[in-house]
Amino acid sequence: MLSPDPRGLAWGLLGVAGFSLTVPLTRITVESGVMSPLFVAAGRAVVAAVLAALALAFTGQRLPHGHQWGRIAVVAGGVVIGFPLLTSYALTTAPANRSAIVIAILPAATAVVAVLRARERPPAPFWVAAAAGTLAVMVFAGLRDGGFEGFGRADLLLLGAVVAAALGYAEGGLLAREIGAWQTISWALVLASPLMVSLTLVSFTAGLPQGDVTHWASFAYLGVVSMFLGFFAWYRGLAIGPMARVGQVQLTQPIMTVGWAAWLLGEPLTWAVVACGAAVVLCAGTAVRVRRT
């Protein structure tokens with residue numbers, strides 16, 4: 001019998017805790033319009049890329065070789081470019097707590113990519129638990145004013161962000177086994193830096209970013225933790241694996257995020273949010289504990 005390595009789960013939970021503030025703090029930076037979504041998404045990647053370049057230089061890391069650059073590009077496209085850009089634009093209109101529940105579909109998406117890419121084969125109960133959590137998220141996303149109205153523009157952007165992140169997470173988890181966890185995200189940030197610097201400069205054409213201490217502190221967290229330090233722990237957990245099951249730990253992230261949104265943004269804890277949150281946590285616990293023969 002093979003069960004998830006406790007070290008992988010612990011590292012995964014540490015990374016999720018760091019990521020749990022990403023949505024509320026992104027909402028803070030873009031909601032008032034003092035910072036554009038493009039600046040928030042690209043600028044935080046530039047901050048993280050500077051830190052990554054310094055870390056790689058000071059520790060004397062060897063350059064990746066051959067096909068590894070292509071895989072690093074997948075990571076960069078998913079978690080450095082795709083996810084930040086799509087969520088930043090979605091959060092200009094979508095509440096943080098609602099966005100958090102939609103993004104909770106990410107572990108199931110990561111599991112699918114892991115099966116296709118890493119040839120992991122979780123047993124049927126795992127898929128039942130993952131599908132149940134996904135269904136709860138999908139139903140919640142379609143609810144509007146007591147009825148089911150389908151997806152809006154923000155929901156579609158968030159789902160696109162989920163696909164991008166799932167690709168980046170799965171490939172990054174595999175690559176971390178070869179070149180190291182923090183090295184994986186660091187090289188991805190460096191590789192994407194020319195594009196993200198260019199996009200940051202483009203964002204200045206609409207005016208320089210404004211904001212008070214709260215806005216800039218939120219932006220700093222997004223650059224240092226959400227885009228850099230959080231991935232140290234997250235990719236380490238995925239590298240230890242099994243990837244599909246460690247990825248399910250992220251189903252607890254929306255619960256943390258909803259709590260942060262209620263405290264920092266004053267967003268209400270409705271019965272729909274509470275019920276959906278309870279459902280995904282239950283599914284996460286079930287999926288992680290499933291044994292594999």
Original post:
Of all heavy-atom pairs between Ala192 and Val80, which one has the smallest distance, and what is that distance?
Top reply: CB-CG1, 3.7 Å

**OP:** Measure the spacing between CG of Leu51 and CG of Leu189 and express it to the nearest 0.5 Å.
**Re:** 9.0 Å

**OP:** Consider only side-chain heavy atoms of I, L, V, M, F, W and Y, link residues closer than 4.5 Å, and tell whether Leu265 and Val23 are in one cluster.
**Re:** yes

Original post:
Hey, would you say the Trp216 and Phe219 ring centroids sit under 6.0 Å apart?
Top reply: yes

Original post:
Of all heavy-atom pairs between Phe83 and Ala165, which one has the smallest distance, and what is that distance?
Top reply: CD1-CB, 3.7 Å

Original post:
Taking C-beta and beyond as the side chain, do Leu264 and Leu21 meet within less than 4.5 Å on heavy atoms?
Top reply: yes

Original post:
Are the side chain of Ser88 and the backbone N or O of Leu85 linked by a donor-acceptor pair below 3.5 Å?
Top reply: no

Subject >> Value rounded to 0.5 Å, distance of CG in Leu38 from OG1 in Thr200 >> reply: 7.0 Å

Subject >> Under 3.5 Å: donor-acceptor pair, side chain of Arg27, backbone of Leu91 >> reply: yes

Original post:
Would Leu14 and Leu229 show up in the same hydrophobic cluster when neighbours are defined by side-chain heavy atoms closer than 4.5 Å?
Top reply: no

**OP:** Take Met256 and Val16 through the test side chain to side chain contact (heavy atoms under 4.5 Å, CB included) and record every step on the way to the result.
**Re:** CA-CA 9 Å; Met256 301 182 201; Val16 164; 3.8 Å; yes

**OP:** Could you tell me the separation between the CG atom of Leu63 and the CH2 atom of Trp69, rounded to the nearest 0.5 Å?
**Re:** 5.5 Å

**OP:** Inspect the surroundings of CH2 in Trp182 and state if more than 12 heavy atoms from other residues, nucleotides or ligands are less than 6.0 Å away.
**Re:** yes

**OP:** Quick one: do Tyr169 and Trp234 satisfy ring pair (Phe, Tyr, Trp, His ring centres under 6.0 Å)? Show the steps, please.
**Re:** CA-CA 9 Å; Tyr169 283 169; Trp234 181 239; 5.3 Å; yes

**OP:** List the atom of Ala170, the atom of Val113, and the distance in Å for their closest heavy-atom pair.
**Re:** CB-CG1, 3.3 Å

Original post:
Roughly how far apart are Glu31 CD and Thr93 OG1, rounded to 0.5 Å?
Top reply: 10.5 Å

**OP:** Please answer whether the main-chain N or O of Leu208 pairs with a side-chain N or O of Gln210 as donor and acceptor at a distance below 3.5 Å.
**Re:** yes

Subject >> Which atom of Gly12 lies closest to which atom of Val249, heavy atoms considered >> reply: C-CG1, 4.2 Å

**OP:** Measure from the side-chain N and O atoms of Asp155 to the backbone N and O of Leu158, and report whether any donor-acceptor pair falls under 3.5 Å.
**Re:** no

Subject >> Cluster check Val202, Val30: I/L/V/M/F/W/Y, side chain < 4.5 angstrom >> reply: yes

Original post:
Do His215 and Ile28 pass the side chain to side chain contact (heavy atoms under 4.5 Å, CB included) test, and can you show the C-alpha distance, the side-chain angles, and the key distance before you say yes or no?
Top reply: CA-CA 7 Å; His215 294 105; Ile28 287 174; 4.1 Å; yes

Original post:
Would a distance-only check, ignoring hydrogens and angles, find a side-chain to backbone donor-acceptor pair under 3.5 Å from Ser226 to Gly223?
Top reply: no

Original post:
For His65, does its backbone N or O pair with a side-chain atom of Gln68 as donor and acceptor, under 3.5 Å?
Top reply: yes

**OP:** For the residue pair Ile240 and Leu9, establish whether any side-chain heavy-atom pair is separated by less than 4.5 Å.
**Re:** no

Original post:
Would you say Thr87 and Ile103 make side-chain contact, with heavy atoms under 4.5 Å?
Top reply: yes

Original post:
Hey, does the side chain of Glu267 reach the backbone of Asn97 with a donor-acceptor pair shorter than 3.5 angstrom?
Top reply: yes

Subject >> Phe232 and Phe228 aromatic ring geometry - parallel, tilted or perpendicular at 30°/60° bounds >> reply: perpendicular

**OP:** Mind listing the closest non-hydrogen atom pair of Ala52 and Val190 along with its distance?
**Re:** CB-CG2, 4.4 Å

Subject >> Contact summary for Ala17 and Tyr221, nearest pair of heavy atoms >> reply: O-OH, 4.4 Å

Subject >> Within one Ile-Leu-Val-Met-Phe-Trp-Tyr cluster: Val225 and Trp263, side-chain cutoff 4.5 Å >> reply: yes

Subject >> Rounded distance (nearest 0.5 Å) linking atom CE of Met227 with atom CG of Leu222 >> reply: 9.5 Å

**OP:** Go through the steps to decide whether Thr22 and Arg44 satisfy the test side chain to side chain contact (heavy atoms under 4.5 Å, CB included), and finish with yes or no.
**Re:** CA-CA 11 Å; Thr22 300; Arg44 76 198 210 193; 4.0 Å; yes

Original post:
Donor-acceptor pair, Thr257 side chain versus Ser20 backbone, under 3.5 Å?
Top reply: yes

**OP:** Tell me whether the centres of the aromatic rings in Tyr235 and Trp11 are closer together than 6.0 Å.
**Re:** no

**OP:** Calculate, to the nearest 0.5 Å, the distance between atoms CD1 and CG belonging to Ile72 and Leu191 respectively.
**Re:** 7.0 Å

Subject >> Shared hydrophobic cluster for Leu195 and Leu201 (ILVMFWY, side-chain gaps under 4.5 Å) >> reply: yes

